[in-house]
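Working notes for the structure below.
Model, not experiment: these values are computed from the prediction. We count ligands from 1, going down the list as the structure has it; atoms in each ligand are counted the same way.
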Amino acid sequence: MKITILGSGGSGGVPLINGFWGRCNSNNPKNRRRRVSVLIQIKDDNILIDTSPDLRQQLLDARISKIDYILYTHDHADHTHGIDDLRFLERPIGKKAFPCYGSSQTISSLKQRFPYAFKQKEASAVTQEALYEPLLDPVSIKDDFIISNNIFIQSFQQGHGPNFESTGYRIGGFAYSTDTNFLSTAALDKLKNLDIWIVDCLSWKQHITHAHVDQVLSWVQQIRPKRILLTHLSTQLDYDELKAYCPAEVEPAYDGLEIVL
Ligand SMILES: [Zn+2]
Ligand SMILES: [Zn+2]
């Protein structure tokens, strides 16, 4: 399994669109962050988690032109608004649409917000043939599921603020927990014995919808993954400053980082 960090930034990226770098040293390339997303490659399958607004440039840089599966964590704009760029990618073998997985809440929200991506809509007046094929083939998931020949994926719900949830995913020794500030005992149970955990860490200070540094470190004490990468990093979190603060097994993610498990 190969994991590529496509984006490690908060919802506005770093720098923000107005050029604001916050506490981040603009001379360190590891502080230049696109919106959060990861690519997982298992044998010939390319699995994309979320379609960030930076998807086009992320896949160009990773030299990826084929996606086989998409896993959605939730429907927020910074995780979904690159959806339209999927049109130009190679479909999985034998399929016209990209299989995409998410909680029933996420899938129904995506269908409402991007209806054209799920339905064959307009027909040509002359030939009556569809002008637009559906882009996505949605699957609502709960708990565990299998994709491809034998890729076993565990999913679990995570609190993302007081009234909302995101979905975390685990494949083998890898797990991804973006956009969360509350992990239930059941979720933490699924996160035991990890080789690598990529986890939300938005800020130094407590936040209403995201994890902050000390909260992540307390989760790490409970589940003790071998290696922890912090993601969804805001302009408050400078790479070197954050790395110096954390224990050796915990480090900030950065765009383009590749891990082979
Ligand atoms: Zn987000
Ligand atoms: Zn979110």
_Beyond-backbone contact of L55 with L86, side-chain heavy atoms, under 4.5 angstrom_ = yes
*By the rule that ILVMFWY residues connect when side-chain heavy atoms come within less than 4.5 angstrom, directly or transitively, which residues belong alongside L194?*
F156, L183, L188, L191, W197, V199, W204, V213, V216, L217, W219, V220, I223, I228, L230, L233, L237, L242, Y245, V250
*Would you please name every residue forming a salt bridge (charged side-chain N to carboxylate O under 4.0 Å, His left out) with K30, sequence neighbours left out?*
none
*Report the residues that fulfil side chain to side chain contact (heavy atoms under 4.5 Å, CB included) with P15, sequence neighbours left out, ordered by chain and then residue number.*
W21, R32
*Could you tell me whether D54 and R35 make a salt bridge, using a distance below 4.0 angstrom between a side-chain N and a carboxylate O?*
yes
*asked:* Given a threshold of 2.8 Å, state how many protein N/O/S atoms are nearer than that to the Zn ion (ligand 1).
replied: 4
*Any side-chain donor paired with an acceptor under 3.5 Å for D255 and S8?*
yes
